[in-house]
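Notes follow the structure.
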Amino acid sequence: MTDETIFCIDDFERLARGGIQDETFQDYLYGGSGEGECHQRNIDSLKKILLAPRACAGITKRDLSKKMLGKTLSCPIGFAPTPARGWLYRGAEKCCMELACEEGASNCLTIFSASKMEEVVKGIPENEGVKLICTGFLGTEEHQLEVMERVEKAGLDGIVLNLDRAVPGRLRSEAGGPIKSAIMKKIGLPNLPKDLFQAYIKNENVDRTVFGDGCDTWEQVKWWKANSKLPLIIKGIARASDAQEAINAGVDAIWISNHGGRQLSDCPATIDLLKKIAPVVKGTGVELYIDGGFRTGSDILKAIALGADVVFLGRPVLSALACAGDDALREMLKILKKELDIAMGLCGISSLSQADESLLWYPKKK
Ligand SMILES: Cc1cc2nc3c(=O)[nH]c(=O)nc-3n(C[C@H](O)[C@H](O)[C@H](O)COP(=O)(O)O)c2cc1C
């Protein structure tokens, strides 16, 4: 990885796309539901908010650290869960976890990851990074208890429940034949309870076989909170009223997400959802995470200024892995930290706790 080829996060995607020959696979990784409108909206809406520079702030050093689930991250950045990491190359999941933790960031596996959670976490010091795994209400309550126990024993720091896939969104890449199913059956799903994987082998639809009929309820969230010893994070929240439900259910963190624009194509951009949701969460002690279209350190600062604690990235992690594995992933974090540091310096703040809406500038519509 050299500075000549990579200047910003989008360069990883450009390079990665050039190397992925199979167009359908490329579309699966980078596309969104419908015509990709929601994915593009996430990116465009971030660009519609600007940052107001401040002069003579007298700041020489910036502190990028943030608290997350009782730990201190060196930067407010996490890798969002995507099963596809392990399809790019063997060992990619371990690389993501090791690197994120080494750099003081967070990483989230999924229950559909190609590597065993125990192996991914093995050897990483307990105090480094924040290690998460994402699942849904899979199978029966017994299956869910089995997963909970396994996650606790493996040494992860929290469980993420994904609530935005009650019905799978319609992706163009999936129209000609489900790529996901084919690859998962071939590679295996070592984090699923064995009988669920066996059932899935006989069935085409991984989501429905594993997660059932999509009839998710807040009672189930409360059941998870009552049964899990680990912090519980709810991913896929897009309404202030749902954030309030999650708070009532006792969750530890809320993760605003529209699944990277892969579910409801008419969903608003996550940065706009953050403006509605942050006031509900503020002062409750519940942490607030976000993802969807974040590609620069400035984008990250905007979310922090609006009340987010940690910002996650999905596709850029896949792009970096596809370009040059851990070297590229390290470079990606380095670039984001540098950009965040510069944006903080130019906006005149020395710590992220000083980031608030006074930093933001909304151009007037003509
Ligand atoms: C190829 C792909 C697969 C994904 N699979 C999952 C998944 O299994 N579970 C999940 O919670 N989110 C999944 N996501 C959504 C990401 O976790 C994250 O919300 C999204 O990618 C963030 O947007 P960004 O890619 O613009 O950064 C997936 C995203 C992509 C691109």
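All ligand and atom numbering here is 1-based and tracks the order in the structure.
Counting atoms of ligand 1 from 1 in the listed order, those under 4.0 Å from a heavy atom of Gly292 are 22 (C), 23 (O), 26 (O). Those atoms of ligand 1 with a heavy atom of Leu313 less than 4.0 angstrom away are 27 (O). Atoms of ligand 1 found under 4.0 Å from any heavy atom of Gly260 (numbered from 1 in listed order, with element): 19 (O), 20 (C), 22 (C), 23 (O). Annotation for ligand 1: atoms under 4.0 Å from non-hydrogen atoms of Asn162 are 11 (O). Residue Arg315 approaches ligand 1 through these ligand atoms, each under 4.0 Å from one of its heavy atoms: 23 (O), 24 (P), 25 (O), 26 (O), 27 (O), 31 (C). Counting the atoms of ligand 1 from 1 in the order shown, those under 4.0 Å from a heavy atom of Ser257 are 19 (O). Of all atoms in ligand 1, listed by their number and element, those nearer than 4.0 Å to a heavy atom of Cys134 are 11 (O). Taking every non-hydrogen atom of Leu29 and a distance limit under 4.0 Å, the qualifying atoms of ligand 1 come out as 31 (C).
Of the listed residues (Pro81, Cys38, Gly78, Gly314), the one carrying the non-hydrogen atom nearest atom 14 (N) of ligand 1 is Pro81.
Considering backbone and side-chain atoms together, Arg295 places an N or O closer than 3.5 Å to an N or O of ligand 1. Checked by distance only, ligand 1 and Thr82 stay at 3.5 Å or farther apart across all their nitrogen or oxygen atoms. Between Phe312 and ligand 1, no N or O atom pair is found at a separation short of 3.5 Å. Note: an N/O pair closer than 3.5 Å links Asp291 and ligand 1 by distance alone.
Side-chain atoms of Leu274 and Lys302, non-hydrogen and from C-beta on, never get closer than 4.5 Å to each other. For the pair Leu171/Arg262, a side-chain contact is recorded, criterion being any heavy-atom separation below 4.5 Å from C-beta on.
Formation of a donor-acceptor pair under 3.5 Å by the Glu174 side chain with backbone atoms of Tyr28 is not found in this model. Judged by distance alone, with hydrogens and angles left aside, the side-chain atoms of Glu331 form no donor-acceptor pair with the main-chain N or O of Ile6 at under 3.5 Å.
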Task: Ser353 vs Ser351, side-chain hydrogen bond (donor to acceptor under 3.5 Å, both in side chains): CA-CA, chis, key distance, verdict - done: CA-CA 5 Å; Ser353 61; Ser351 107; 2.6 Å; yes

TODO: Under the side-chain hydrogen bond (donor to acceptor under 3.5 Å, both in side chains) rule, what do Asp299 and Thr296 come out as? Steps first, then yes or no, please.
DONE: CA-CA 5 Å; Asp299 288 345; Thr296 66; 3.3 Å; yes

TODO: Could you go through the salt bridge (Lys or Arg N to Asp or Glu O under 4.0 Å) check for Arg41 and Asp44 one step at a time?
DONE: CA-CA 5 Å; Arg41 190 175 303 119; Asp44 293 347; over 6 Å; no

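Look at Asn42 and you'll find every heavy atom at least 4.0 Å from all atoms of ligand 1. Contact analysis leaves Arg165 out of contact with ligand 1, as no non-hydrogen atom separation drops below 4.0 angstrom.
In this structure, atom 1 (C) of ligand 1 lies nearest to the protein heavy atom Arg262 NH2, 3.4 Å. Atom 5 (N) of ligand 1 has as its closest protein heavy atom Pro83 CD, 3.2 Å. Closest protein heavy atom to atom 15 (C) of ligand 1: His259 CD2, 3.7 Å. What sits closest to atom 12 (N) of ligand 1 on the protein, heavy atoms only, is Lys235 NZ, 3.1 Å.
Under the side-chain contact (heavy atoms from CB on, under 4.5 Å) test applied with Phe79, the options Leu109, Leu333, Leu313 reduce to a single match, Leu333.
The pair Glu35-Arg172 meets the salt-bridge criterion, since a charged nitrogen lies less than 4.0 angstrom from a carboxylate oxygen.
Counting all heavy atoms, side chain and backbone alike, Thr270 lies closest to Gly292 at OG1-O, 3.5 Å.
Using the six-membered ring where Trp is involved, Tyr289 and Trp255 have ring planes that are perpendicular, over 60° apart on the 30 and 60° scheme.
How far CD1 of Ile290 is from CG of Leu46: 7.5 Å, rounded to the nearest 0.5 Å.
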